[in-house]
Each structure stands twice: as structure tokens, then as C-alpha cells.
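Structure first, commentary second.
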Number of protein chains: 2
Amino acid sequence: MADRFGPDLLRGSLDLMVLSVLAKGPTYGYQLQQSLRDASREQVQAQAGTLYPLLHRLEADGLIQSRWEESTGRKRKWYELTAAGDRRLSSQAAEWDLYVDCIRSLLDPVRGRMPKPAV
Amino acid sequence: MADRFGPDLLRGSLDLMVLSVLAKGPTYGYQLQQSLRDASREQVQAQAGTLYPLLHRLEADGLIQSRWEESTGRKRKWYELTAAGDRRLSSQAAEWDLYVDCIRSLLDPVRGRMPKPAV
DNA sequence: ACGCTATACATAGAAAGGCGATACAGCAAG
DNA sequence: CTTGCTGTATCGCCTTTCTATGTATAGCGT
């Protein structure tokens, strides 16, 4: 079993994951990275070189907004969802569900060939 | 709702889809394209410029093997899974399940925020 | 016979995003 | 003071999908 998901799997759903985490409340880059790592039991280890450009892109698209905060001890850049980001999250989640269904319908007959461990 | 999945969603799972179709029996490029389109209710429309290089890559990796066949009327290049391809399919499917689970655990709390249409 | 469409395989170049490497700075512990 | 974690950031590389294009044949209507 891979101890980590590859770049290609992440692609296309990493936005969705980040928006999901942001939906639970404001956070900053480093904490977001830890959240993803923890929530996935170490399987999603998005790199800083991935995360920061992604956050900048989401912000440029108006899906999140940021502000620098120093009162919390260290200088951090906090991000939070905008209304547009919230709508995007909903539509991305819906599209994701459709997509997963689509793959499952292709995969289910294949699974029949092998001993299926009960989940 | 998008009438077609974007490149980023496909990425990383298109291999899996192709291997899944191949698992049901030998096929050739054009037919594979139709199979994907049909099985996904028009949502996966992988282009020829995507599919053929992908097939060449899978063959170079020893996951599938090909032979030209003319007796079936038109000249076609038939592909079939190798033993290695079969093993790869199993592991990719397992990884996919893990991945989907991982996203779901991030998405479920978010879904609570909005009226969820029963599927 | 001719043109049109669908079938069938293939390659080239562009676009996009994740990755590793690297950088820099603050702070804490030894 | 040196090591290590925290925290943000950028750069070039790599991979994969896309569009556009090229080639060729079969079948059909006119």
C-alpha cells in the first residue's frame, strides 16, 4: 500500500480539500498543511510548494480572502472562505460525488474478480 | 452542473478507468473511447489525443500488450491486460478507495451545512 | 466516380498544477 | 551558538491532458 497519494490523484481534488478545511473556520497555511495530513492519517502530505501557490490562486479567484495577523504570537497569514468560495465548495463537492459514482460503476464489476475485504 | 468532467479530475484516475475497461476483455482504442463515454453517461469524453499516448505508456510499462488485427474488417490495434496490468489494477483500485474515503471524511462535515438531496 | 461521414491510429505543442529544492526569518531548547 | 521546528514564499522540472492536425480506409448517398 502506498503511504502517500501521488500528484495526479491530488490534482483536481486538492482545491476541494482545501476549501473543505476552510469551511470549518479560518486557518493559515502551515496549519492547513497539518490539518490535511492529520485528517487523512498521513496520506495527504501536500507540500508547501503546492499549498502556497494554490492559496494564492484561490485568493486571486476570490474564493478565499487573507489578512496578516501578528496578535496571535507569530506573524501568520490567515485565510477564510468568501461567499463565492462557499458556493464553489458546494458545486465542487457535487461534481466530486458524480465523479466518484462514475468510477465506481466502472470498478464494481472488476472488484467481483478478486476477494473483497469487507470495509 | 458541468456536462463533462475537466482534465484535472480525470488526471490520476484515467489510467484506472482504462485498466478497468480492459479487465472486461480485449478492446481497441476507438472502442475504448466509446466504452468510457457510454459507461459514464457522456461525462468522460477522453480525447483520442489523450487515449493513444496513454495506451502507449501503459504498454511501455508492460501493463497491457497489443497486436494488430485486420481480419475483423478494419485494421485495428487490440489491447489486453497483462498479469502485471491486472495487479496494477487491483492496487490502483485499492488506492482509489482509500482516497475516496479520505475525501469523504473531509467532505461529510461540510455537507451538513447544506440541504442534502437524497441520491 | 465523387464527396461526405464515421472509423481508426498517431504525433506535436500548449497549458496546468504538484513536486523537490531552496531561501529567509522568528523562536525555543540544548 | 547551533540545531530544529515554525511559517511563508518562489523557481524550474515533470507529468498528463488538452487542442489541433495528419493520415488512411470503409460505407453510404448521389
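Keep in mind that this is a model prediction, so the values were computed, not measured.
For the pair A/His56 and D/dT10, the criterion of a side-chain N or O lying under 4.0 Å from OP1 or OP2 is met. Within the structure, a side-chain polar atom (N or O) of B/Lys77 is placed less than 4.0 Å from OP1 or OP2 of C/dA10. When the side-chain nitrogen and oxygen atoms of A/Arg76 are compared with OP1 and OP2 of D/dT6, none of them lie within a distance under 4.0 Å.
Distances were taken from every side-chain heavy atom of A/Asp8 (C-beta onward) to each of D/dT16, D/dA9, C/dT11; the shortest belongs to D/dT16. Comparing C/dA10, D/dT10, C/dC19 by their nearest atom to the side chain of A/Leu10 picks out C/dC19.
The shortest side-chain heavy-atom distance between B/Asp15 and B/Leu54 falls under the 4.5 Å cut-off. Residues A/Tyr99 and B/Ser13 have side chains in contact (heavy-atom distance under 4.5 Å, counting atoms from C-beta outward). Using a 4.5 Å heavy-atom cutoff, the side chains of A/Val18 and A/Tyr79 are not in contact. Inter-residue side-chain proximity for A/Leu55 and A/Leu32 is flagged as met; some heavy-atom pair is nearer than 4.5 Å. Residues B/Met17 and B/Leu36 form a side-chain contact, since some pair of their non-hydrogen atoms from C-beta on lies under 4.5 Å apart. Using a 4.5 Å cut-off on side-chain heavy atoms (C-beta onward), B/Leu98 and A/Phe5 make contact.
Remark: P of C/dA12 and OH of B/Tyr52 are 17 Å apart, rounded to the nearest angstrom. Residue A/Leu55 contributes atom CG, which lies 12 Å from atom P of D/dT10 at whole-angstrom precision. Rounded to an integer number of Å, the gap from A/Leu16 CG to C/dG17 P is 15 Å. Rounded to a whole Å, the CG atom of A/Leu51 is 13 Å from the P atom of C/dG20. Spacing between atom NZ of A/Lys75 and atom P of C/dC24 amounts to 16 Å, rounded to whole angstrom units. Taking atom OH of residue B/Tyr79 and atom P of nucleotide C/dA8, one finds them 14 Å apart after rounding to whole Å. The nearest whole Å value for the distance from the CZ atom in A/Arg67 to the P atom in D/dT8 is 13 Å. Atom CG of B/Leu54 and atom C1' of C/dC9 are 15 Å apart (whole Å).
Legend: residues meeting salt bridge (charged side-chain N to carboxylate O under 4.0 Å, His left out) with B/Arg76, ordered by chain and number and at least two apart, are absent.
Only B/Tyr28, B/Gly29, B/Tyr30, listed by number, bring a heavy atom of residues 27-38 of chain B to less than 4.0 angstrom from any atom of DNA chain C.
Scanning both residues, B/Trp96 and A/Leu107, for their nearest heavy atoms gives CD1-CD2, 3.8 Å. Nearest heavy-atom pair, B/Glu95 versus A/Arg4, reported as atom, atom and distance to 0.1 Å: OE2-O, 4.3 Å.
Judged purely by atom type and a 3.5 angstrom limit, A/Gln33 uses its side chain to pair as donor or acceptor with the backbone of A/Ala46.
Side-chain N/O atoms of A/Arg11 and base N/O atoms of D/dT16 include no donor-acceptor pair closer than 3.5 Å.
When heavy atoms are screened at a 4.0 angstrom cut-off, B/Trp68 is found touching the sugar-phosphate backbone but no base atom.
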### Query
Just by protein heavy atoms under 4.0 Å, how would nucleotides 19-26 of chain D read 5' to 3' in B, S and -?
BB----BB
